Amino acid sequence: MSENQTPESVTPEPRGKREGKISTRHIEHFVAPLEETPLQDIDKVSIGSEPLSMWAEAWRSLRKNPLFIISTLLILLVILVSIFPQWFSSTSPTACSLENAREGRAPGHIMGFNFQGCDVYARVIYGARASVIVGVFTTIFVVIIGGIMGALAGYYGGWLDAVLARLGDIFFALPLILGAIIVMQLPMFRDSRSPWTVIVTLTIFGWPQIARITRGAVVENRGADFVQAARSLGLSKFGALVRHVVPNSLAPVIVVASISLGTYIVAEATLSYLGLGLPSSVMSWGNDISASQISVRNNPSILFWPAAALSITVLSFIMLGDALRDALDPKARR
Amino acid sequence: MSTNNESKDGFAMNPNDDRPLLEIKNLAISFSTPGGPVNAVRNANLTVMPGETVAIVGESGSGKSTTALAAIGLLPGNGKVTGGQILFDGEDLSKASEKRFIELRGNHIGMVPQDPMSNLNPVWKIGFQVKETLKANGLAGKDPNGRVAQVLADAGLPDAAKRAKQYPHEFSGGMRQRALIAIGLACRPRLLIADEPTSALDVTVQQQILDHLDTMTSELGTAVLLITHDLGLAAERAQKVIVMYKGQVVESGPALEILRNPQHPYTQRLVASAPSLASKRLESQPVEVAEGVNAVVKPDHSGARDEILQVKNLTKVFKIRKGLGRSEDFTAVDDVSFAVKRGTTTAIVGESGSGKSTVAQMVLNLLKPTEGSITFDGEEMANRSERELFKFRRRVQPIFQDPYGSLDPMFSIYRTIEEPLRIHGIGDAKSRQLRVKELLDHVAIPTATMHRYPNELSGGQRQRIAIARALALQPEVIICDEAVSALDVLVQAQILNLLNKLQEDLNLTYLFITHDLAVVRQIADDVCVMQKGRIVEQSTSDEVFNNPKSEYTQNLLRAIPGASLML
Amino acid sequence: MIPVFFGATLLVYFLVFATPGDPIAALSGGKPMAPAVEAALRAQYNLDQPFWIQYLLYLKSLVTFDLGTTFSGQPVADVIGRAFPVTARLAVMALAIEAVFGIAFGVFAGLRKGKAFDSTVLILSLLVIAVPTFVLGFVLQFVVGVKLGWAKPTVGAGAPWGDLILPALVLGLVSFAYVLRLTRTSIIENKNADYVRTATAKGLSRRRVVTVHILRNSLIPVVTFLGADLGGLMGGAIVTEGIFNVPGIGLLLFNAILKGETPTVVAVVSVLVLVFVIANLIVDMLYAWLDPRIRYV
């Protein structure tokens, strides 16, 4: 290398006009025949395919995803069961007689009986409602509270953002289950246990997660050129949030909400298992699993069926979230 | 065959060395996609002789990068060579194993990638990233750190030994690109693939880096395969130019001949549209002015063309947080004054960090000035009520740079263009629909696309939609913030022509923010050159181009690639 | 992080002492209480003082480890002191299991995206997440502990490391699935990064590209997750320790809740919050080491 590789060579040297390089070799001038390389109109608009919105496009890819189909069918089934359990079981879950206790399967009782002599199948069917109610309503409340908080914090920033970020951190320091345990043993909750107290408790500790996700998505979109463009068209700041920022931030929130729904169901079951969730008068998978502990060694199927129902339900929601994530992934779009 | 010519260009050439270093024959590459295989390259031929610089020119999607990447075995996972040969020094690489490529990469074939921001690993020191290159190719020697410093210094990085201990985020874009060049050339490869090595950088930096790359490769005798979208740059830096279009080579030959005497209609189009080669303003409404000698003519029109926008002593100071409540003032825009005459185009030119976009934001009233005034049509804009501001919005509209970001992906094209009408309560549903169709006609988009979504359109088409949206409220002034910078040359020319025609038809006034002086020449009547927040030169377009006063403007002009080749 | 500690302890304190209902009734779990005990509790929690003073005095007692006594008269600090090492051991083992296996499986799945191994692992990880920990605990205890007899179904006195393997596995299993998925996503994102292509173009071996350029960058989000998860593991210990009868903090907390022994509950939760805060501080330091970009901010 020459010696003048000093920092000075970084400054532009006035070279005057550059003339380009002329090769000493002979270079052939090749021109492709026009028929082989036909010219197309510059930037022609293709109108072959059908117009698709982002949602329509997502739907199109979801339709072909077996994960999505299976999980949706399962979720629909679980919801149907929870609304109309009588359609699925002619046996009453409360018609128990101790003489059947821990019996194996019998005609009309495909899953056998539990230690109190109740039909396990009927209890699994009737237990769906509590889980679904807790999961669905907790998710609805968490999305409303967390979504609004996160969207406002992310969009307006400033002190609101700082306060909400701190608040979120504080709630994060208490894991969902731990926080829920503390709240559920408070007198005001302990004395009036019902699905609704569980929902309120899980909402208290669940909203910061959705708030974080929403905030992140909103921050990503609030500076987008299309928001600036809308503002310069005269749209108010809040109007731009509602019309442009929020719709574009929904995808990750939907994904996380779907997965969270599964985890709320698990949380409810865990609380019930610990004896702090639903009262034992409410029929639920969590309570039945908890009760089956006594006899699990002799008759594992009493544990197995409610646990399987619970796991399949949770799995469906998590799979749905996974499928939605694939379909709504912003990187896959465009 | 004068030896003078050779030494001047600095490439040492062995006259016996006439075997091609790289020969690509009938190459075909296809990508497997969910919608079936896509042929990215078909029947491509090119030859690179030892020590020669060959440029592949084409738009995005022309297959130029794909062709080059195939030669170093770096096609993306779903890409495959489906036919033809890639002969490197006589060896066919189209079917070479990954092991063979690992042997070749670095010391036989090097690469300088496009984007300096994303091509260095952010978690390792620069020196480490250079050193591992040397080690992998067995060239680290006894004093690897000394060698690293040497290699970095050779690439023109000042203070190389100290710089080697820093992380990429501590480097500017230009410095990172120098580090990448150092990596690419560290093992003295015989062939260097330079994939748009400077397109992410400011023009003056681009010029320095390309000059330096020229010097280094000619001293080392390295052949260069230069990928670029800029025909002017290609012609200036290469002996030979290959023009690719839709995956095929349409024309190849000596650089200057292709530029001066293009044969294929596509190349002719490219030459005609290349902004860096254009020497005059596009034909436009103030014809007399464009043809007139210079600004002296203009005052005659002052009655007809009042100053619709006046900016006086505009200053914007940002507070930059330095953590723990401390902050530092940063003056992004410093005492800027200019005026825009109705029906004309004023360009604000500057490199990144010059404050040009901040000016645009303040004129659009999206950002409050720290000091100074903006007067629109005789009315001071500061302290206006919400209501007045709302009315102002109808008269001044923006078009932004990123065609992928400026349209809401959730809104159909119809809703996008209808939105301004709806916000301002203009017309009923039926009349609005008619208006949207009319606007689509203006920007030459078929009305059949009305119910489509932005993700189905190309960048240029999206930009046309953005123009239609901006026109919906019949504004008087349009602020184009780098509105054509992200587009391919031909599309860019098309949009510039459209903007020009619209100016003519609708008597629009443009404030055109750009980093590209070449584009300015095509569209602007007046020019303000900004550097570090200040206006360093301000005059008519002709004056700035023919008789630049400030040194900075002169540098900028000189840095336009290929500017001097056509004359 | 310090404000988080104060905020979280304040939150817990507020929940326990300032929500409607007689705090003393809450302290006793609704059971009748000897007047002497009641008086002692009132003194311990300064219930005659305004709420803020109560909280500050409580913080003071936390710092001085004067945490009151259990119903059976033992100092809470001592009880926690005995239980804490057990849970720490359990949590560290769980963390190690989820980190080692989660990262290993995640890396292999990510590098072989779309192949059979990847799809299998993905589905299995969903299953693991879906099955509640207490069910997994029962099943493993029953199958591995009782039927196969490979491990002791319950943990013996002193909780030796060997006995803790099974509970640690159960405790770490759900997080293992999350670590796996996070690592996988991160690897897939990074392996297509520009700098990885550049590293390959330099002539580096595949092995070096993966270990030096893909792995380190991909670990950054995983480390953050692991740190935050230590707190989660402490919470999860309530269930796991209950199943396997591990004499740790979780069991202590659970029993205290059942007995309504609020001094212990508040103290244990405060300790857990402290652990969470310290874990996050360590993560911040690790993060700075892994990602030089944030060192100078």
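Quantities reported herein were computed from a predicted structural model and do not represent experimental measurements. To find a chain, count down the sequence lines: A is the first, B the second, and so on, and within it residues start at 1.
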Quiz item: Given that the side chain runs from C-beta out, which part of B:N261 has a heavy atom under 4.5 Å from chain A: side chain, backbone, both or neither?
Solution: backbone
Practice problem: Check whether any side-chain heavy atom of A:F317 sits under 4.5 Å from a side-chain heavy atom of A:Y264, and report yes or no. | Solution: no
Self-check item: Option that, when pairs with chain B are counted at under 4.5 Å, heavy atom only, ranks first among A:P247, A:A224, A:P33, A:S236
Solution: A:P247
Quiz item: Could you give all pairs that pass the ring pair (Phe, Tyr, Trp, His ring centres under 6.0 Å) test and reach residues 147-172 of chain A, with sequence neighbours left out?
Solution: A:F171-A:F205, A:F171-A:W207
Quiz item: Between A:R243, A:E28, A:R231, which has the largest tally of heavy atom pairs under 4.5 Å with chain B?
Solution: A:R243
Self-check item: Residue part contacting chain A, namely of B:E59, when any heavy atom lies under 4.5 Å
Solution: neither
Exercise. Say whether B:Q207 and B:H212, considering side chains only, have a donor N or O and an acceptor N or O under 3.5 Å apart.
Key: no
Quiz item: Is it true that the side chains of B:D488 and B:Q492 contain a donor and an acceptor less than 3.5 Å apart?
Solution: no
Exercise. For chain A, find which of B:G174, B:A238, B:P262 contributes the most heavy-atom pairs closer than 4.5 angstrom.
Key: B:A238
Self-check item: Contact origin within B:T47 toward chain A - heavy atom pairs under 4.5 Å
Solution: neither
Practice problem: Name the member of B:R394, B:E386, B:R469 that forms the most heavy-atom pairs with chain A at distances under 4.5 Å. | Solution: B:R469
Self-check item: Flag, side chain of A:D322 to backbone of A:I318, donor-acceptor distance under 3.5 Å
Solution: no
Quiz prompt | Interchain contact, B:S412 with chain A, by part (heavy-atom threshold 4.5 Å) | solution = neither
Quiz item: Heavy-atom distance under 4.5 Å to chain A: side chain of B:F411, backbone, both or neither?
Solution: side chain
Quiz item: When only pairs under 4.5 Å are counted, which of A:L233, A:N221, A:V227 shares the most heavy-atom pairs with chain B?
Solution: A:L233
Quiz item: Is the B:Y245 ring parallel, tilted or perpendicular to the B:Y266 ring (thresholds 30°, 60°)?
Solution: parallel
Self-check item: Polar side chain donor-acceptor pair, A:N248 to B:D408, under 3.5 angstrom
Solution: yes
Quiz item: Do the ring planes of B:F390 and B:H424 sit parallel (below 30°), tilted (30 to 60°) or perpendicular (above 60°)?
Solution: parallel
Quiz item: Who among B:G459, B:A444, B:G253 has the most heavy-atom pairs with chain A under 4.5 Å?
Solution: B:G253
Quiz prompt | Part of B:L407 lying under 4.5 Å from any heavy atom of chain A | solution = backbone
